[in-house]
> 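This structure is in structure tokens; I'll ask about it shortly.
What you see below is based on every heavy atom in this structure, not just the backbone, and it leaves out hydrogens, waters and symmetry mates.
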Amino acid sequence: CFVGAPGALPGQIVFEFGQHLGGAGVERLLARLRFDDAAVQLDLARTHAVGTVGASERQFGARDGVVLLQLGAVAEQQENSKEAIELYRQIPASSPVKRIAELQMGLNLADLDQHDEAISHLTKLLDSEPDDMRAYLALGGVHASKEDFASAAKVYDRAVKRLKSPTQQ
């Protein structure tokens, strides 16, 4: 039987148990958690990313972008957009998931009723990669959530124009 330190948070106990098993246990436990266990999942993911709960934050590398993205998604499940944005900002520019994090950041800004900042953020993303249909959908969605349906329609029209027909590919 494995028991963590007295007063340890569930994530720390599971992390230490996973380390005891060679580290593979943590990923399996994270994958099996139900979505309604978001608080425990966030605690586990944080513990796994940092090492132990309460340990000082370390610099995240490119391979840790996925962990931060997962933490941000859990924060979103808990309707904590501010925390999600902070986690997404920590993802290194070199990470392959950075663009997804940037899109989610824009959507979370809109969830915080910071529509103008969200529109500016998503527009910059779209300008940097004009064929990214996800950016069009996100930007159009932010305009629609602001009830600016004319702007949303313009964004969607631009997206349709960017789509290539099968004969153009």
Side-chain angles (χ1 to χ4, degrees), residues 2 4-5 7-142 145:
F2 184 87
L9 295 171
Q12 184 174 1
I13 293 169
V14 172
F15 177 77
E16 290 172 4
F17 182 66
Q19 292 300 96
H20 180 72
L21 296 175
V26 176
E27 285 84 4
R28 277 183 278 185
L29 285 168
L30 281 171
R32 289 186 181 182
L33 282 173
R34 296 185 326 253
F35 284 111
D36 57 341
D37 294 333
V40 174
Q41 187 177 9
L42 181 59
D43 179 42
L44 280 169
R46 272 199 187 114
T47 301
H48 180 58
V50 174
T52 59
V53 173
S56 61
E57 294 286 329
R58 63 181 174 85
Q59 290 293 323
F60 287 99
R63 65 182 271 283
D64 297 314
V66 175
V67 173
L68 289 165
L69 186 71
Q70 186 176 29
L71 288 169
V74 173
E76 286 184 35
Q77 288 174 3
Q78 294 178 325
E79 298 180 8
N80 190 343
S81 293
K82 285 183 181 181
E83 183 170 357
I85 290 168
E86 284 308 309
L87 289 161
Y88 294 143
R89 282 189 174 134
Q90 293 178 50
I91 296 175
S94 60
S95 174
V97 297
K98 183 63 174 180
R99 185 146 186 103
I100 295 168
E102 292 288 344
L103 288 166
Q104 289 304 119
M105 212 180 318
L107 294 171
N108 278 279
L109 286 167
D111 288 343
L112 294 170
D113 291 327
Q114 297 175 13
H115 292 98
D116 293 337
E117 189 176 346
I119 289 168
S120 173
H121 184 80
L122 292 169
T123 299
K124 288 177 188 171
L125 280 177
L126 199 50
D127 291 343
S128 72
E129 197 172 312
D131 288 331
D132 186 353
M133 291 299 132
R134 298 170 302 179
Y136 285 104
L137 293 173
L139 181 57
V142 170
S145 71

> On a heavy-atom basis, which atom in L126 and which in A135 lie closest, and how many Å separate them?
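Nearest heavy atoms, L126 then A135: CD1-CB, 3.6 Å.
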> Could you tell me which residues satisfy side-chain contact (heavy atoms from CB on, under 4.5 Å) with K124, sequence neighbours excluded, listed by chain and number?
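If we apply the side-chain contact (heavy atoms from CB on, under 4.5 Å) test to K124, skipping adjacent residues, the hits are S120.
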> Which residues pass the side chain to side chain donor-acceptor pair (under 3.5 Å) test with Q104, sequence neighbours left out?
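E76.
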> With sequence neighbours excluded, what pairs up with A118 under the side-chain contact (heavy atoms from CB on, under 4.5 Å) test?
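Result, side-chain contact (heavy atoms from CB on, under 4.5 Å) vs A118: L109, A110, V142.
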> Could you go step by step and tell me if L103 and D132 meet the side chain to side chain contact (heavy atoms under 4.5 Å, CB included) rule?
CA-CA 10 Å; L103 288 166; D132 186 353; 4.2 Å; yes
> Rounded to the nearest 0.5 Å, how far does CZ of R134 lie from CG of L122?
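Reported to 0.5 Å precision, the distance equals 12.0 Å.
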> Sorted by first residue and then second, give each salt bridge (Lys or Arg N to Asp or Glu O under 4.0 Å) pair with at least one member in residues 84-95; sequence neighbours left out.
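Qualifying pairs, neighbours excluded: E86-R89.
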> I'd like to check the side-chain contact (heavy atoms from CB on, under 4.5 Å) partners of E79; sequence neighbours left out, ordered by chain and number.
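If we apply the side-chain contact (heavy atoms from CB on, under 4.5 Å) test to E79, skipping adjacent residues, there are no hits.
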> To the nearest 0.5 angstrom, please state how far the CG atom of N108 sits from the NZ atom of K82.
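Here the interatomic distance stands at 12.0 Å.
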> Can you name the closest pair of heavy atoms from G65 and I91 and give their distance?
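So the minimum-distance heavy-atom pair works out to O-CD1, 3.7 Å.
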> Tell me which pairs pass salt bridge (Lys or Arg N to Asp or Glu O under 4.0 Å) where either residue lies in residues 104-120, with sequence neighbours left out.
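Counting only pairs at least two positions apart or across chains, the salt bridge (Lys or Arg N to Asp or Glu O under 4.0 Å) contacts touching residues 104-120 are D116-K146.
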> Sequence neighbours left out, what passes salt bridge (Lys or Arg N to Asp or Glu O under 4.0 Å) with E102? Give chain and number order.
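Result, salt bridge (Lys or Arg N to Asp or Glu O under 4.0 Å) vs E102: K98.
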> Quick check for you: to the nearest 0.5 Å, what is the distance between L68 atom CG and S95 atom OG?
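Between atom CG of L68 and atom OG of S95 there are 8.0 Å.
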> Looking at residues at least two apart in the chain, or sitting in another chain, which of them share a side chain to side chain donor-acceptor pair (under 3.5 Å) with S128?
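Partners of S128 under the side chain to side chain donor-acceptor pair (under 3.5 Å) test: R99.
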> Donor-acceptor check, side chain of Y136 to backbone of D131, threshold 3.5 angstrom: yes or no?
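Between the backbone of D131 and the side chain of Y136 there is no qualifying donor-acceptor contact (under 3.5 Å).
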> Do L112 and I85 have side chains that approach each other closer than 4.5 Å (heavy atoms only, starting at C-beta)?
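Side-chain contact under 4.5 Å: yes.
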> Residues two or more places apart in sequence or in another chain: which of them pass side-chain contact (heavy atoms from CB on, under 4.5 Å) with L137?
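Only Y156 meet the side-chain contact (heavy atoms from CB on, under 4.5 Å) criterion with L137.
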